[in-house]
Amino acid sequence: MTMKILLCDPVAETVLEHFRSLDDCTVEEVFDRDALEQEIDDANFLVVRSGTTVDPDLLDQADELIGIVRAGVGLDNIDLEYADEQDVNVENTPEASTNAVAELVIGHILSVFRSIPQADAALKEGNWIKSDLNGREIQGKTTGIIGYGRIGRRVGQLVQAFGSDVVAFDEYIDDETIREHGAQPVSLKELLEQSDIVSVHVPLTDETRHLIGPSELKTLTDDAVLVNCSRGGIYDEEALLEALRNDEIVGVGLDTYEEEPPGDQPLLQEKSMVGTPHIGASTPEAQERIGQLVIDKIETMMRESDT
Ligand code: NAD
């Protein structure tokens, strides 16, 4: 039986090339809703990113659908409950971006510790501000990781390579597992009290919304640095602004915001804030890994549908 795969959003070229090379597959790019609706009735697999909404209306037209692969992490554009009712398998590829996000975290820590963005901007404006820029080193510090899953553990490995101790808080991972992965398990309060660097790696849920709020920021030491490359909404933006303005923490590195793009969010004007525009997963290496995982996940679903 020939399997029909529809690529609904742009993904790594390798996905198209791979399935084109197989005799028992057809693969097409259908980047707009009309084209997708015309092709979906006999499609077996959909590959989507965040741009395609997979709603009941679309799923009702997909009589032969076996599975959907979300190339990336968030599944909020797919009606998971309805897909489950229709016996459609849904997979994503969260493991692909782990290292890319973790390396960006290191970039944020170094940017805040060494004032790299300010140094660069001043130098390019002709200002030699060497005597204003006394940085700090990661070596010998304590890094606290909130959420010790894939990205948290990779950040742990990287900061350990710099010579930092690692403490970790994770509501759903037992102490033994945290120790096995090289960190000292602590409560959230202990983590905030002990850490020079705090990096947040929990998903955004009802439970984690504003996990970093006024009292958590007050618990941090005055010379702590906070990094959030997980999701906006996990830290309270107003409380963070207050903390920076009152010198309650020394600086912050952010990749994600409650609103994206963050528009005129006053945090962006703070000198001690280093920001990037949600680029955690934006490396060709991560995109290639996503492509390979999309291929692997579709092939696994094909094999399982055969049995
Ligand atoms: P993961 O599921 O492997 O790890 C998340 C960890 O958080 C888990 O160990 C879980 O037990 C823990 N956790 C959940 N709720 C918690 C709570 N209330 N308190 C403490 N710990 C809690 O996920 P991951 O792959 O490490 O990704 C982490 C987050 O990073 C994702 O949810 C996503 O929001 C974000 N992310 C950002 C980018 C980016 O471009 N900046 C890219 C990929 C992922």
Side-chain angles (χ1 to χ4, degrees), residues 1-31 35-36 39-40 43-54 62 64-78 80 83-84 87-107 147-158 161 181 201 203 229-231 255-256 276-307:
M1 173 186 164
T2 300
M3 291 286 180
K4 177 171 170 178
I5 301 158
L6 298 180
L7 308 183
C8 310
D9 296 299
V11 288
E13 197 63 23
T14 45
V15 179
L16 193 67
E17 286 164 7
H18 175 82
F19 288 112
R20 262 197 190 141
S21 74
L22 302 181
D23 293 336
D24 53 357
C25 286
T26 66
V27 55
E28 281 171 59
E29 291 180 323
V30 282
F31 293 165
L36 173 57
E39 292 295 335
I40 199 164
N44 304 108
F45 295 98
L46 304 183
V47 178
V48 303
R49 296 180 62 171
S50 56
T52 300
T53 303
V54 184
E64 307 292 331
L65 202 58
I66 297 168
I68 302 167
V69 182
R70 159 71 163 103
V73 183
L75 292 166
D76 33 310
N77 53 320
I78 302 173
L80 295 175
D84 190 45
D87 263 339
V88 173
N89 235 310
V90 180
E91 295 272 353
N92 60 351
T93 62
E95 56 274 58
S97 52
T98 302
N99 187 61
V101 180
E103 288 192 13
L104 183 67
V105 170
I106 301 298
Y148 208 53
R150 282 176 292 257
I151 298 173
R153 289 173 200 185
R154 183 68 185 139
V155 170
Q157 289 175 339
L158 296 178
H181 286 90
H201 299 288
C229 290
S230 52
R231 282 285 179 272
D255 188 45
T256 52
T276 46
H278 203 152
I279 55 169
S282 305
T283 66
E285 293 90 335
Q287 296 311 313
E288 274 162 35
R289 276 194 294 273
I290 289 176
Q292 189 52 51
L293 284 163
V294 167
I295 293 169
D296 294 347
K297 291 189 183 210
I298 290 182
E299 292 196 331
T300 305
M301 287 194 260
M302 281 179 180
R303 276 195 301 277
E304 285 168 358
S305 74
D306 254 5
T307 56

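The salt bridge (Lys or Arg N to Asp or Glu O under 4.0 Å) pairs that include a residue from residues 1-10 are K4-E39, K4-D42, where partners are two or more places apart or lie in different chains. Applying the side chain to side chain donor-acceptor pair (under 3.5 Å) rule to pairs touching residues 93-102 yields E95-K297, N99-E103, N99-R154, sequence neighbours excluded.
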Step by step, work out the side-chain contact (heavy atoms from CB on, under 4.5 Å) result for V155 and I151.
-> CA-CA 6 Å; V155 170; I151 298 173; 4.2 Å; yes
Apply side-chain contact (heavy atoms from CB on, under 4.5 Å) to V294 and L7, showing your working.
-> CA-CA 11 Å; V294 167; L7 308 183; 5.8 Å; no
Report all side-chain donor-acceptor pairs from residues 13-31 shorter than 3.5 Å, counting only partners two or more places apart or in another chain.
{"from": "H18", "atom 1": "NE2", "to": "E299", "atom 2": "OE2", "distance (Å)": "2.7"}
{"from": "S21", "atom 1": "OG", "to": "H18", "atom 2": "O", "distance (Å)": "2.6"}

For residues 70-78, which side-chain N or O atoms pair as donor and acceptor with protein atoms under 3.5 Å away, sequence neighbours left out?
{"from": "R70", "atom 1": "NE", "to": "G74", "atom 2": "O", "distance (Å)": "2.6"}
{"from": "N77", "atom 1": "ND2", "to": "R49", "atom 2": "O", "distance (Å)": "2.7"}
{"from": "N77", "atom 1": "ND2", "to": "T52", "atom 2": "O", "distance (Å)": "2.8"}

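With sequence neighbours left out, D296 forms a side-chain hydrogen bond (donor to acceptor under 3.5 Å, both in side chains) with Q292. Among residues two or more places apart in sequence or in another chain, the side-chain hydrogen bond (donor to acceptor under 3.5 Å, both in side chains) test is passed with T276 by H108, D255.
Looking at every heavy atom in both residues, A281 comes nearest to V101 through N-CG2, 4.3 Å. A pairwise comparison of heavy atoms in I66 and S305 identifies CD1-OG, 3.9 Å as the closest pair. Of all non-hydrogen atoms in T256 and S230, the two that sit nearest each other are CG2-O, 3.4 Å. Nearest heavy-atom pair across Y148 and H181 is OH-O, 2.6 Å. Of all non-hydrogen atoms in A100 and A286, the two that sit nearest each other are CB-CB, 4.1 Å.
Side-chain contact between V54 and V88 is absent, with no heavy-atom pair separated by less than 4.5 Å. In this structure the side chain of L65 reaches within 4.5 angstrom of the side chain of L46, judged on heavy atoms.
The distance from atom CD of E91 to atom OG1 of T300, rounded to the nearest 0.5 Å, is 8.0 Å. Distance CG/L6 to CD1/I68: 11.0 Å, rounded to 0.5 Å.
No donor-acceptor distance shorter than 3.5 angstrom exists from the side chain of E285 to the backbone of A96, with no hydrogens or angles considered.
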